[in-house]
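Step one of this worksheet: look at the structure below.
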Amino acid sequence: MKDEILREKLNNLSSQQLEWINEYCVNDMSKLKKISYNAFFRYGIPAHEHDELYDDAMNVLMESVINFDSSQGASFKTYLINNIKKSVIDWYRDNYQRCKRKNLLTDKNGKIVKVDKNGNVTDDDKGKPVIIPDTSFDAPTEEDNDLVEKIASDFNVEDKSEFDFSADEKVDNFIDSLPKIQKNILLMRMENVPADNIKQKLNISDREYSSAMKSIKINKGLSVFSKNKNDGNYDVEVNNMEDRIIEISESENYRTDKYSMYSLLQDKKNGDVNCNYILQREPFQWTTEEANRYFCRILSNLPIPEIILCEQKKKGLTISHLIDGLQRLSYAEAFKENRIKIGSAGAERHLIQYRDYVLDDNGNRVLDEDGLPEYEMKIFDVIGKYYKDLPDELKKRFNNFNINVTKFFDCTDEQIADHIRDYNNHASMNKEQGGFLNVSAQTAGYIKNISQKNTFFKNCGKFTDNNVIKGKLERVVAESIMLMFFRDSWKAKLDTIYKYVDENATEQQFLKLNSHFNRLELALGEDNKDLKLLLTPTTMPMWIAVFDKFTTYNMDDSNFVDFLNAYNTELKDKEIDGVSMADFKDQQTKKKATITGKIDLLVKLMNEFLHIDITETSSTEVENNNTEENEQDNPEETTLSFVQENVNPDATEEDIDEYTDLVDYCFNHNQIKIDIPLYQKCQMALIALMAYACKNNREDDFEKWIKTYQNQTNFSLSQKDNYTYMKESMNRLAVA
């Protein structure tokens, strides 16, 4: 009955009451959570129970909004804080002091230990049991006393390592960053729940449990808690003495020097450096792109990785074996001998600056009045050039190029083999990682904000730890942007996609993609495990493009999930207009005709399944667009209603005038011209954003934001969409 009365009152709130609720609930209830945390942190309540207290704080907020009486003299904030504190006391009493589900201290015979009011052990029935608080991985810290917890012994993230969990905020962030299944496993492991019980409660297999545990162990966020400990114990237990031990004399028997490119190539040609050691691989392993990048780096006088030599004494001779650097020297030699010219692929630094010294008739440098050589700075384009085509100064730069050379002395064949293995014990960048280097830092930030922070990839689809490590998720984001907004410009080559996205995609487009992933995750829920095989790094860009089309139908997102399930079970082999997905099976996956053909077929299947009338839908979209355009025809009237609907229901015409003046002031104060697209196409959204800033005392944030946003050019016809994207952008900038 009480709940029904409360719901009825909440349906008839005043504007002031709504404003209070909004104030404490925006930004994921950050303000309310802060008050709640300050009220309960001193009780040492484990983090896995914090959400329950935050829910309780929300209930207190609703009741406080209803029952607050300003005539009592206190502000609403004071009234709310006191109510939350009282509620926390009641919660703690019910859950801890009454010994429900809590551990009690017992003696060696298993008898419960009781103490009197002075803390002395007593047999009196009036004595109180001693509660043993649950220790937790993420228990909060108090004052100057750090609470350091350890994970249960059978959860060894890494053997013989220790972790510092003294900062509760770091721990909360780490746990919240995990996928749902890993988060649930970790919380239960911290409560010493046996592995078999965890698998039973979560309804997961041994393989799924092992996979989740492995993911936790390699999570890069875990390094935040590792201690750089040196306890002085350097003893190593050797169980297998058959392995060769690296003696101190061997590890100290090397030296690093600098050699010029010319001297190394001469040693290679003369045989002073043996480049044909029996375990060495063949030269010329690089692609044309890698070779071009290498040549430009040398001519730009930028350092390259060191060369490794192993000296070996045979028949009274000292032989230097090249064990790492064969490709570098082989390509440099081929270039110097005019067997290879520099191409355009990979040659980002193809415009090389150099000094062209003035020479007299005898070939000597001309000196000025201060005795310094006269010169002119010039630029030389090396694309299409052999070594013989270079200016003399660049030839000299190439020959004098310094390379670090590490030389190991008196090596055995076994030691040389060890060094070869060690220096090749790494993985080069794959095409996803290399392609990602083609985007600017700003675009990379937009992409990783989705690939690393959007929980869709953690909780939906088939995305593995290897996908994360190898850069597959960044590729998903870039390809999704291409198929959503630049489909006609699709290219099969990943480098080209990254470059196109970097040059053309806008922040709003990334925000829209991020919103699509959020909506899909919410719609999929936790009961659609069968769709994991459908949503993979390869297919996700295609499906997100189909979902983007679905969002124009004004239907509930659950309908799209119904279509996915239907496709997964019965529609995947269905033909429409004589075409089925099987027709694309033997075609190149990333070819434009293949991927766009798949999307077109999937949209047709979706329309048929959902009974979508394409003609009617198209007409509706045109009508909606026209309506949006017409809304901008009368800015004075619609701006007020727009601000009232989206920001402040009590806004007046005078307020709109003030917000407009503030927007104009920010443009003028920062010398931003008003003829830019942001001002011309988004004036209504800008005024609403200023209203939002004023309401939250964030006018300075607006001014900082507009400096970073002024060059945006691609905007929606919907002012509400523009306002939403711009508000999210400003909030992110403030947090950063």
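On a predicted model such as this, the values are computed, not experimentally measured, just so you know.
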Measuring from atom [atom1] of [X] to atom [atom2] of [Y], what distance do you get when rounded to the nearest 0.5 angstrom?
X: D465; Y: Q182; atom1: CG; atom2: CD; result: 6.5 Å
X: L534; Y: K462; atom1: CG; atom2: NZ; result: 12.0 Å
X: I84; Y: N59; atom1: CD1; atom2: CG; result: 10.5 Å
X: I497; Y: W490; atom1: CD1; atom2: CH2; result: 3.5 Å
X: W543; Y: L535; atom1: CH2; atom2: CG; result: 8.0 Å
X: H516; Y: N454; atom1: NE2; atom2: CG; result: 12.0 Å

Original post:
Would you call E479 and R475 a salt bridge, taking side-chain N to carboxylate O under 4.0 Å as the test?
Top reply: yes
Hey, does [Y] have a side-chain heavy atom less than 4.5 Å from the side chain of [X]?
X: V476; Y: K472; value: no
X: Y446; Y: E507; value: yes
X: R207; Y: S210; value: no
X: Y498; Y: L437; value: no
X: I544; Y: F456; value: no
X: V468; Y: F457; value: no
X: L564; Y: N568; value: no
X: Y209; Y: I181; value: no

Original post:
Do we see a donor-acceptor contact under 3.5 Å between the side chains of D573 and S580?
Top reply: no
Original post:
Between the side chains of N466 and T464, is a donor N or O closer than 3.5 angstrom to an acceptor N or O?
Top reply: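 No, no side-chain donor-acceptor pair sits under 3.5 Å.
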Original post:
Quick one: does T569's side chain have a donor or acceptor within less than 3.5 Å of a partner on N565's backbone?
Top reply: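 It does hold such a pair.
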Original post:
Does N467 reach the main-chain N or O of L473 with its side chain, forming a donor-acceptor pair under 3.5 Å?
Top reply: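 The answer is no, because no donor-acceptor pair under 3.5 Å joins these two groups.
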How about [atom1] on [X], more than 12 heavy atoms from neighbouring residues, nucleotides or ligands closer than 6.0 Å, or not?
X: E570; atom1: CD; answer: yes
X: K591; atom1: NZ; answer: no
X: N203; atom1: CG; answer: no
X: K590; atom1: NZ; answer: yes
X: K592; atom1: NZ; answer: yes
X: K201; atom1: NZ; answer: no

Please enumerate all residues that pass side chain to side chain contact (heavy atoms under 4.5 Å, CB included) together with [X], with sequence neighbours excluded.
X: D206; answer: K199
X: L610; answer: F550, M555, N559, M606, I612
X: F485; answer: I481, Q509, K512

Original post:
Going through the checks in order, is the ring pair (Phe, Tyr, Trp, His ring centres under 6.0 Å) test met by F609 and Y567?
Top reply: CA-CA 9 Å; F609 176 79; Y567 175 84; over 10 Å; no
